Amino acid sequence: MKSKIGLGKEEYLWAKNRMPILTNLVRKYSKNRILGDFNLGMCLHITKETAVLVMGLAEVGARISLCAANPLSSKENVSEFLRYHNSNVDIFVNRQDDIDSFYNNMDKVLDTNPQIVTDDGAELHKKAVYRDQSFVGGTEETTSGVNRLRRLSNEGLLSYPVIAVNESLMKQLLDNGHGTGQSTLEGIINTTGIIVASKRIVVCGYGWVGKGVARCARGLGAKVTITEVEPLKAMEAFFDGYEVDELEKLLSINDIFITCTGQINIIGREHFSKLKDGAILCNAGHFDVEIDVRYLDRIYPRHYEPKPNVTCYTVNDALGKSKRIYVMTKGRVVNLIGAEGNSPEVMDISFSNQFLAIVYLSKMSSKLANRVYKPPRKLDNKLARLALSRYKIRIDKLSQEQKDYFKK
Ligand SMILES: NC(=O)c1ccc[n+]([C@@H]2O[C@H](COP(=O)([O-])OP(=O)(O)OC[C@H]3O[C@@H](n4cnc5c(N)ncnc54)[C@H](O)[C@@H]3O)[C@@H](O)[C@H]2O)c1
């Protein structure tokens with residue numbers, strides 16, 4: 001039988017072979033060890049794609065301390081492979097970690113005095129602020145993390161520059177949109193085994209993630225309805241051909257609810273008893289706050305797991321009739337816990353962005369202010385060109401006449 005380390009290595013190689021943009025960047029920068037002796041602190045979902053990023057950063061000279069961005073999303077084979085295969089990587093994650101050790105692991109990463117921190121959700125950044133710890137710079141991978149960092153920056157609490165990698169258009173289109181759309185549906189299907197075609201699905205939030213999830217669900221034959229709070233987003237969803245309605249009206253007639261908002265209590269205590277018997281609830285947003293699972297656990301302590309990653313609660317409606325509702329992956333990111341997260345092709349773009357942002361900070365941070373920066377559009381264009389050439393796609397160029405016409 002293969003060891004966990006061996007299986008982790010196979011997964012790493014599987015991903016690496018599908019991440020040529022990042023691999024080529026690593027090859028280019030490893031010649032002069034561009035991050036030679038740089039100490040990086042990282043808090044990411046520990047997946048095979050993250051292993052490709054971390055091993056790549058070690059190859060260009062960095063020393064890395066890594067912890068998990070979610071208590072349930074780490075892939076054990078991958079973490080074992082990283083633990084034993086690179087002396088430049090310290091990994092602070094263990095299978096038996098509970099919520100306290102999950103947060104303690106972040107402290108362990110910060111105790112290594114990293115110069116640059118890379119986070120997914122801004123927990124590490126928040127802890128650093130609490131510890132009054134500063135860095136050369138930081139990067140942030142996801143929407144909820146960037147929103148938090150902007151709040152810290154507005155309160156004058158950010159003591160280093162941060163590149164909001166999430167705000168690269170390539171990242172939003174491919175990772176939040178296509179990647180999370182597909183992997184969320186994978187998470188639901190893997191975990192429940194249900195057929196999506198014919199199901200009535202509500203997608204809460206029509207931002208980057210919601211749009212991708214809705215598109216994939218519709219592509220698989222579901223009848224999709226969107227809920228929104230922003231009029232423009234709601235109009236966009238309507239003209240994209242979806243039903244749009246208030247959540248309250250949808251509770252009793254839909255089979256599956258997928259939250260994608262980054263907000264709190266989207267499906268909360270006032271909703272559970274109005275759901276249809278057998279309704280499935282899951283979350284694709286970063287934090288486990290979109291479905292009020294804490295309330296369910298407290299009020300219905302006799303819940304049970306009919307399948308791994310599915311919790312059944314029996315709730316009573318207003319007439320005292322009992323019904324079962326199923327919450328997937330304890331309300332945490334369904335695509336990373338119920339499935340493998342975003343595909344390597346997608347993470348090739350996201351992590352190439354991270355890689356370039358870290359290299360940029362290692363050289364330029366002294367010229368930056370202590371605030372959150374959007375990645376420059378130039379970087380998006382560069383990555384788009386690299387991606388087009390990876391897929392052997394050629395595009396036209398403006399003629400001189402067309403360039404001049406734009407100038408008039
Ligand atoms: N699971 C993953 O792999 C993954 C990947 C990328 C992003 N994320 C996370 O997904 C979440 C959404 O990210 P995004 O990039 O789509 O953000 P976004 O800001 O583009 O979209 C969020 C949308 O939710 C809407 N919304 C807010 N409150 C709402 C409410 N009460 N009801 C209905 N809609 C509401 C907003 O108007 C907005 O359109 C964030 O938490 C982000 O960090 C997860």
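Basis for what follows: all heavy atoms, side chains included, without hydrogens, waters or symmetry-related copies. Please read all numbers here as calculations on a predicted model, not as lab measurements. Whatever order the structure lists them in is the order used to number ligands and atoms, beginning at 1.
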(request) Would you kindly say whether H303 and Y326 are connected by a side-chain donor-acceptor distance under 3.5 Å? (result) no

(message) So, taking the atom named CD1 in I267 and the one named CZ in F257, what distance separates them when rounded to the nearest 0.5 Å?
(response) 6.0 Å

(request) Output all residues satisfying salt bridge (Lys or Arg N to Asp or Glu O under 4.0 Å) with R83, sequence neighbours left out; order by chain, then residue number. (result) E80

(request) Quick one: list whatever passes side chain to side chain contact (heavy atoms under 4.5 Å, CB included) with L368, sequence neighbours left out. (result) P161, Y360, L361, Y373

Please tabulate, one line per pair, the protein N or O atoms found under 3.5 Å from any N or O atom of ligand 1, giving the distance to one decimal.
| unit_1 | atom_1 | unit_2 | atom_2 | d |
| --- | --- | --- | --- | --- |
| ligand 1 | 1 (N) | A284 | O | 2.8 |
| ligand 1 | 1 (N) | N335 | OD1 | 3.0 |
| ligand 1 | 1 (N) | N335 | ND2 | 3.4 |
| ligand 1 | 3 (O) | N335 | ND2 | 2.8 |
| ligand 1 | 13 (O) | T143 | OG1 | 3.4 |
| ligand 1 | 15 (O) | T143 | OG1 | 2.7 |
| ligand 1 | 15 (O) | N176 | ND2 | 3.0 |
| ligand 1 | 16 (O) | W208 | N | 3.1 |
| ligand 1 | 16 (O) | V209 | N | 2.8 |
| ligand 1 | 20 (O) | W208 | N | 3.2 |
| ligand 1 | 37 (O) | E228 | OE1 | 2.8 |
| ligand 1 | 37 (O) | E228 | OE2 | 3.4 |
| ligand 1 | 39 (O) | E228 | OE2 | 2.6 |
| ligand 1 | 41 (O) | S144 | OG | 2.6 |
| ligand 1 | 41 (O) | H286 | N | 3.0 |
| ligand 1 | 43 (O) | T142 | OG1 | 2.6 |
| ligand 1 | 43 (O) | T143 | N | 3.4 |
| ligand 1 | 43 (O) | S144 | N | 3.0 |
| ligand 1 | 43 (O) | S144 | OG | 3.4 |

(request) Would you indicate whether Q402, at its atom CD, is surrounded by more than 12 heavy atoms from other residues, nucleotides or ligands within a distance under 6.0 Å? (result) yes

Listing, residues 227-234 side-chain donor-acceptor contacts under 3.5 Å, not counting sequence neighbours, or none:
| unit_1 | atom_1 | unit_2 | atom_2 | d |
| --- | --- | --- | --- | --- |
| E228 | OE1 | E230 | N | 3.0 |
| E228 | OE2 | Y206 | N | 2.7 |

